[in-house]
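Okay, structure first, notes after.
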There are 2 protein chains.
Amino acid sequence: MTKLKSVKTPELDTKSRILQAALEAFSQSGFYGTSINSVAEAVNIKKPSLLHHFSSKEKLYGAVLESISTRLLSELEAAMASSEDEKQQMLNVMDSFYRWNKECPNETVLLLREMLDNPQRAATAHNWYLAPWLERLVELIRRGQQNGRFHELEPMAFLYNIIGAQHYFVVSLPTLKQILSASDFKALLKQQRQELKSLIELRLFK
Amino acid sequence: MTKLKSVKTPELDTKSRILQAALEAFSQSGFYGTSINSVAEAVNIKKPSLLHHFSSKEKLYGAVLESISTRLLSELEAAMASSEDEKQQMLNVMDSFYRWNKECPNETVLLLREMLDNPQRAATAHNWYLAPWLERLVELIRRGQQNGRFHELEPMAFLYNIIGAQHYFVVSLPTLKQILSASDFKALLKQQRQELKSLIELRLFK
DNA sequence: TATTCACCCTACCAACCGGTAGGTAGGCAC
DNA sequence: GTGCCTACCTACCGGTTGGTAGGGTGAATA
């Protein structure tokens with residue numbers, strides 16, 4: 001088991017520090033690969049003290065997932081409220097998704113892991129993390145198509161490819177970083193973003 | 001731990017049956033979530049007998065990865081040799097990638113898991129499973145661009161988005177299957193494939 | 001016939017897992 | 001003071017893990 005680097009934000013209370021360390025651990029090693037002991041060590045407490053705050057490993061894992069989910073949802077709401085224009089709204093939402101990926105790669109990875117480990121739970125109806133994003137964006141595209149501003153295409157299939165491309169790119173960044181030189185890596189980051197934007201504009205916008 | 005259904009192909013020798021069961025187990029539960037005992041049970045032998053064929057869990061895991069890797073490589077060679085025309089070659093390779101995803105979702109999932117679990121090992125230079133695909137396709141696109149048959153774009157960024165979209169779609173199929181009705185699911189399968197093809201033709205082909 | 005060897009087994013091990021029992025120290029209310 | 005709370009601790013539990021030791025068997029080899 002790799003030792004986790006300790007979380008150094010003493011201004012947070014213990015519970016938040018546990019959540020933070022757990023997010024990092026679960027995203028790096030997965031549910032089974034993470035021991036609550038290692039999480040406890042990362043926040044400099046003993047295992048029973050951690051279990052005082054979260055009564056079981058499952059509960060801790062659930063709390064991490066929930067904190068991600070609520071945060072992601074509020075991000076979406078903000079992005080949707082930003083504009084009235086369909087094209088701009090579309091770009092804003094994708095931008096918001098990109099920013100989340102970039103700022104919280106741990107969360108991105110963990111949600112993908114959850115989908116691999118537990119597809120049935122990940123899919124429990126409205127709990128699935130991508131569901132609200134897809135729903136809102138499908139509506140948005142349909143609206144744009146009725147207004148004659150978007151090309152005719154299957155919104156779901158299109159969105160899944162775009163979001164999937166972005167999602168996959170983010171989770172493979174650690175690998176790419178090891179393969180490419182620093183300058184190539186940085187260039188690819190920019191190019192991928194631009195390329196994705198081109199795909200959206202070329203395929204969706206009239 | 002979920003019990004694995006036993007592999008019922010008695011014509012294979014034990015070693016191959018172990019590999020097969022291990023692939024399924026690792027892809028479903030990951031390295032830490034899989035016990036070699038459960039793999040042994042799936043092929044109706046005891047744990048020490050499994051360890052007779054693969055001397056450790058790591059070795060078994062490595063053997064599974066290697067068998068996938070060699071298979072994937074031969075798939076690529078076949079696809080590249082299929083045509084001289086750049087456009088057709090491009091479509092053939094993507095088709096080959098698609099077929100692999102479809103026929104061996106376990107392998108697809110496992111390789112993604114490996115990237116999440118162990119980015120540094122996954123990236124060990126020429127071992128990375130996508131490296132040969134990307135290399136060959138980058139060359140192909142460059143050639144097409146010189147011939148004036150492909151649009152000017154950054155091959156790597158374009159390819160990563162396309163392959164990422166396909167890859168991500170495959171690993172989320174189990175989740176999607178639980179969310180959508182059977183007919184919607186089937187329709188989405190078709191639409192996504194068509195949509196991806198449209199993206200390639202629209203963005204790359206002149 | 002004697003020996004080797006691949007294959008599979010039972011029995012066992014130390015290490016680690018998630019979780020519990022029970023106790024201590026300090027803060028706050030009365 | 002007493003009582004009660006939160007936060008943390010040490011010590012321990014049963015169960016599971018990856019891996020080892022060593023024995024049996026049957027087919028090939030000398």
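A note on names: the letters A, B, ... follow the listed sequences, proteins ahead of strands, and every chain is numbered from 1. Everything quoted here is computed from the prediction, not taken from an experiment.
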Check your understanding: Applying salt bridge (charged side-chain N to carboxylate O under 4.0 Å, His left out), which residue pairs with at least one partner in residues 45-59 of chain B are found, sequence neighbours left out?
Key -> B/Glu58-B/Arg121

Exercise for review: Measure from NZ or CZ of A/Lys87 to the centre of the six-membered ring of A/Phe150, then state whether that distance is under 6.0 Å and the direction lies within 45° of the axis.
Suggested key: no

Exercise for review: Measure the distance from NZ on B/Lys47 to P on C/dT10 and round it to the nearest whole Å.
Suggested key: 12 Å

Exercise for review: Could you work out which one of D/dC8, C/dC9, D/dT17 sits closest to the side chain of B/Ser35?
Suggested key: D/dT17

Point to revise | Separation of atom NZ in B/Lys46 from atom P in C/dA6, rounded to whole Å | key: 23 Å

Check your understanding: How long is the line joining CG of B/Asn37 and P of D/dG18, in whole Å?
Key -> 8 Å

Check your understanding: Using 30° and 60° as the class limits, which term best fits the ring planes of A/Tyr160 and A/Trp128: parallel, tilted or perpendicular?
Key -> parallel

Point to revise | For atom CD of B/Glu41 and atom P of D/dT16, their distance in whole Å | key: 12 Å

Check your understanding: Which atom names give the shortest non-hydrogen contact between A/Leu130 and B/Tyr168, and what distance separates them?
Key -> CD1-OH, 3.3 Å

Practice item. Using a cut-off of strictly less than 4.0 Å, decide whether A/Thr14 has a side-chain nitrogen or oxygen near OP1 or OP2 of D/dC8. Key: yes

Exercise for review: Please list residues of residues 49-65 of chain A whose heavy atoms come under 4.0 Å from any atom in DNA chain D, ordered by number; otherwise none.
Suggested key: A/Ser49, A/His52, A/His53

Check your understanding: How close or far is atom P of D/dG18 from atom OH of A/Tyr32, stated in whole angstroms?
Key -> 13 Å

Revision key, fill the gap. Correct closest heavy-atom pair for B/Ala40 and B/Leu50 would be N-CD1, 3.7 Å

**Study point:** Separation of D/dT17 P from B/Ile36 CD1 (nearest whole Å)
**Key:** 9 Å

**Study point:** Separation of atom CZ in A/Phe31 from atom C1' in C/dC17, rounded to whole Å
**Key:** 11 Å

Review point. Any idea how B/His167 and B/Tyr129 line up, ring-wise: parallel (<30°), tilted (30 to 60°), or perpendicular (>60°)?
Key: perpendicular

**Study point:** Residue B/Pro48, side-chain atoms from C-beta onward, closest of C/dT10, C/dG18, C/dC8
**Key:** C/dT10

Study note, to complete from the structure: Atom NZ of A/Lys15 and atom P of D/dC8 are separated, to the nearest Å, by 12 Å

Review point. So, is the end of the B/Arg193 side chain (NZ or CZ) under 6.0 Å from the ring centre of B/Tyr98 and within 45° of the ring's axis?
Key: yes

